[in-house]
Amino acid sequence: MVLNRVSSLKENESPLELMDIPIPEPHSGEIRLKVSACGVCHTELDEIEGRITDSRLPVVPGHQVVGKVEKLGEGTSRFKIGDRVGVAWIFAACGKCAYCLEGNENLCAEFKATGKDENGGYAEYLTVSEKYAHAIPDFFSDVEAAPLLCAGAIGFRSLKLANINDGDALGLTGFGASAHLVLKAVKHQYPGTRVFVFARNPRERKFAIHLGAYWSGDTTDTSPQKLDAIIDTTPVWKPVVEALRNLKKGGRLIINAIRKEEVDKAYLQKLSYQDHLWLEKELKTVANVTRSDVSGFLELAAKAKIRPEVQTYPLEQANQALLELKTQKIRGAKVLIM
Ligand SMILES: [Zn+2]
Ligand SMILES: [Zn+2]
C-alpha cells in the first residue's frame, strides 16, 4: 500500500494505493523480511495529511513490522533465515554523534524513520539493516507483537520520561493503542500506582476501567486527586491544557505526539500561568524511539505477559483501518495482516 501524495483524509478516504512494486534486495548489512503483520499508527495519519513535511514520496508507510527473515545481505550475522524479527520507527541513526553516543539516538540529526524515510511494513517485503531489527519473544503472536514495536515502545519511553516512583499517581489523557499498553506496563512495574484515564469517548473510559484504571473521566474533568505525572497521547491541544490543571506541584506532563493538529489550537488561550504552569510544573515531549526502548519494552511485555488488544484488517483494507483510527473508533491497536 503506497502513499503517493499528501491529502486530507476528509477529502480523500483512500490515500494509499494498492500497487505491485519490485521486491527489495538486501544491501550489505541488511536483511529482507517476509512481512506477516504491521501495526497502524497515528503517525501514518500525520504523514498522509502532510503534517510531517519532509517525508519521501512515494513511500510505503508502516513502522510496526513483524516478519520472518527471508534473505540475508552480505556481511550479516545476527539472524538466520526463518528468524522472526520486528522493525520499529527507528530505521537508522548515525551512531557517531553526541546524541547517539550518549544513548539518545532518537535525537540524532540523521535519524531515519521506517515508513517515512525508507519503505515500511504496509507491504509483503521489507529490507532493513540487521542492527535495527529486533528479535520477537516467542510469547507473542505476530499480530500481538506488532503494536508493541511503536505504541508499546514509545509508551515505554514516555513512562520512563514521566519519572514516577511506585505509588505515585499517574494520568493518561487519550486512551488508544499506546496508553492501553502503558496502563498494562504500569500494573507490572509500579503495582502501587493508581492510574487516572481521561478520554472523550465513553467506550474508551469503560475500556480503561476494564483494564484496571483506578478512575476514568472526560478530558475536561477534574481528577479526584492531583497527579504526579500525566502522559498525553492525543493529537490535539485541549487535553494538554486540561492535564496541566490536574498536575500536582512539581508534576510533569509528557506529550507523546509527533505533531499536534491545528483544529483546537485556540484552546491554548485558556492557558493560565497561575493554574496550569506555576509551582514548578514541567512539560516534556517524546521524540522517536531508541533501539533500547524497543527491545526493553519487548522484554518487559514478555515478562509481564502484556498482550495488546488488537483488531486486524487485511493489508488491502489499510485505508479503512486509517479512517477508523482518524474517526476514533478505537479499541486497542489496529494491525494489518499480509
Ligand atoms: Zn508509531
Ligand atoms: Zn547520531
Closest non-hydrogen atoms of Gly86 and Leu149, given as atom of the first, atom of the second and distance, are CA-CD1, 3.9 Å

For atom NZ of Lys303, decide whether the heavy atoms of other residues, nucleotides or ligands shown that lie under 6.0 angstrom number more than 12. no

Could you tell me whether Arg205 sits above the aromatic face of Phe175, with NZ or CZ closer than 6.0 angstrom to the six-membered ring centre and within 45 degrees of the axis? no

Atom CG in Asn119, atom CG in Leu3: separation rounded to 0.5 Å? 10.5 Å

Between Lys265 and Lys260, is there a side-chain heavy-atom distance shorter than 4.5 Å? no

Mind telling me whether Phe156 and Phe297 have parallel, tilted or perpendicular rings, with 30° and 60° as the class edges? tilted

Closest approach of Ile136 to Val85 (non-hydrogen atoms, all atoms of both residues): CG1-C, 3.6 Å

Ile209: hydrophobic cluster co-members (side-chain, 4.5 Å): none

Residue pairs, two or more places apart or on separate chains, that pass side chain to side chain donor-acceptor pair (under 3.5 Å) and touch residues 85-100: Trp89-Asn288

Can a donor-acceptor pair be found, under 3.5 Å and without considering hydrogens, that links the side chain of Asp228 to the backbone of Ala169? yes

Ion pair present between Lys248 and Asp168, side-chain N to carboxylate O less than 4.0 angstrom? no

Would you call Lys326 and Glu13 a salt bridge, taking side-chain N to carboxylate O under 4.0 Å as the test? no

Among all residues two or more places apart in sequence or in another chain, which pass the side-chain hydrogen bond (donor to acceptor under 3.5 Å, both in side chains) test with Asn12? Ser7

